[in-house]
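Notes to accompany the following structure.
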Amino acid sequence: MISLQFPSRREPFYSMKSKQDKLKSILPSGKKDKSFFELVYDTARLIPKGRVTSYGAIAAFLGSKMSARMVGWAMNGAHHVSPSVPAHRVVNRNGMLSGKAHFATPTQMEELLAKEKIFVKDDIIIDFQKKFWDPAMELSID
DNA sequence: TTGTTGACCTCTT
DNA sequence: CAAGAGGCCAACA
């Protein structure tokens, strides 16, 4: 199912802090003392191949939609965590590859995306809205 | 310990 | 329209 929506500027149902506990139960690894970063990593690992999402969408999904910045910061450390995190599937809300400079080579992010049939022009993902995967829409939380 | 700095986003001048 | 500010939270000096 394809979500054609950007994260809405309306107050979304998932923005309530109380959802965090439910998140912890549906996300893979069972540790209870998850930091915000770990939640970010877990969510990112759920992004299907061939789909992308945005920092803000993950942040909103995790309960604080203003933490998009932290999601980016989390990705900064995503290279040396295990299991690996598909950081290339996370872009900013315009579909721009804002993080490509942090990959091993300047072209790696684009190449990884191309393998999943996601193509990029001028650092922007083509058909971003069709490739967009909103965790809040696709993962049912109650 | 305090301050600054981000792979961001939204609202306000 | 463009530009600024505020909010988030972890890392680092």
Side-chain angles (χ1 to χ4, degrees), chain A residues 2-139 141-142:
Chain A
I2 293 177
S3 162
L4 297 177
Q5 295 187 341
F6 280 77
S8 161
R9 69 178 50 196
R10 282 173 289 127
E11 182 75 1
F13 74 92
Y14 47 78
S15 67
M16 298 175 289
K17 286 267 185 191
S18 59
K19 293 293 181 188
Q20 288 242 359
D21 293 327
K22 291 199 174 186
L23 284 174
K24 293 181 184 180
S25 60
I26 68 166
L27 291 171
S29 67
K31 280 186 294 179
K32 42 186 79 171
D33 57 332
K34 274 186 188 305
S35 68
F36 184 79
F37 274 31
E38 289 171 321
L39 291 171
V40 170
Y41 295 146
D42 285 341
T43 306
R45 290 188 191 108
L46 298 177
I47 305 171
K49 264 194 171 183
R51 306 292 295 281
V52 293
T53 192
S54 73
Y55 304 99
I58 292 178
F61 176 61
L62 294 180
S64 65
K65 61 180 171 197
M66 300 183 255
S67 303
R69 205 169 185 182
M70 287 309 97
V71 177
W73 184 243
M75 289 302 137
N76 198 26
H79 291 289
H80 37 73
V81 299
S82 159
S84 63
V85 175
H88 60 284
R89 302 197 189 116
V90 185
V91 297
N92 77 2
R93 64 156 204 147
N94 301 125
M96 195 162 27
L97 309 193
S98 44
K100 73 183 220 170
H102 296 268
F103 282 77
T105 72
T107 52
Q108 186 177 48
M109 186 173 189
E110 197 168 327
E111 287 163 3
L112 289 170
L113 288 171
K115 281 187 197 162
E116 303 182 5
K117 311 277 190 264
I118 296 176
F119 302 106
V120 170
K121 181 181 170 66
D122 296 330
D123 282 355
I124 310 249
I125 291 175
I126 296 174
D127 280 339
F128 177 56
Q129 293 199 7
K130 285 181 187 151
K131 307 286 187 189
F132 187 74
W133 178 87
D134 186 346
M137 304 295 289
E138 313 281 340
L139 302 176
I141 313 173
D142 185 18

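In what follows, chains carry the letters A, B, and so on, assigned in the order in which the sequence lines appear, proteins first and then strands, with residues in each chain numbered from 1.
In this structure, A:His88 reaches neither bases nor backbone, as no heavy-atom distance under 4.0 Å exists between it and the strands shown. Heavy atoms of A:Asn92 sit under 4.0 angstrom from primed sugar atoms or phosphate atoms, though from no base atom. Using a 4.0 Å heavy-atom cutoff across all strands shown, A:Ala87 reaches at least one base atom of the nucleic acid.
In this structure, CG on A:Leu113 lies 11.5 Å from CD1 on A:Ile126, to the nearest 0.5 angstrom. A distance of 15.0 Å separates OG of A:Ser67 from OH of A:Tyr55, quoted to the nearest 0.5 Å.
Between A:Asn94 atom CG and B:dA7 atom C1' the separation is 14 Å, expressed in whole Å. As rounded to whole Å, 17 Å separates atom P of B:dC9 from atom CH2 of A:Trp73. Taking atom CZ of A:Phe36 as the reference point, atom P of C:dA11 lies 12 Å away to the nearest angstrom. We find that CD1 of A:Ile124 is positioned 17 Å from P of B:dA7, with the value rounded to whole Å. Between A:Tyr55 atom OH and B:dA7 atom P there is a gap of 9 Å when expressed in whole angstrom units. Residue A:Met70 contributes atom CE, which lies 12 Å from atom C1' of B:dT4 at whole-angstrom precision. Between A:Arg69 atom CZ and B:dT5 atom P the separation is 10 Å, expressed in whole Å. Separating the OH atom of A:Tyr41 from the C1' atom of C:dC9 is a distance of 13 Å, rounded to the nearest angstrom.
Here the closest non-hydrogen pair linking A:Ala57 and A:Phe132 is CB-CZ, 3.9 Å.
Residue pairs meeting the ring pair (Phe, Tyr, Trp, His ring centres under 6.0 Å) criterion with at least one partner in residues 83-116 of chain A, sequence neighbours excluded, are A:His79-A:Phe103.
Comparing B:dG6, C:dC8, B:dA7 by their closest approach to the side chain of A:Met66 singles out C:dC8. For A:Phe103, counting side-chain heavy atoms from C-beta on, the closest listed nucleotide (C:dA11, B:dA7, B:dC9) is B:dA7. Among the nucleotides B:dA7, C:dC9, B:dC9, the one closest to the side chain of A:Ser54 is B:dC9.
At least one side-chain nitrogen or oxygen of A:Arg93 sits closer than 4.0 Å to the OP1 or OP2 atom of B:dT10. The side chain of A:Ser67 places no N or O atom within less than 4.0 Å of a non-bridging phosphate oxygen (OP1 or OP2) of C:dG7.
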For salt bridge (Lys or Arg N to Asp or Glu O under 4.0 Å), just list the numbers for A:Glu116 and A:Arg51, CA-CA rounded to whole Å, side-chain angles, deciding distance to a tenth of an Å, and then say yes or no.
-> CA-CA 8 Å; A:Glu116 303 182 5; A:Arg51 306 292 295 281; over 6 Å; no
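Nucleotides B:dT4 and C:dA5 are separated by 15 Å at their P atoms, to the nearest Å.
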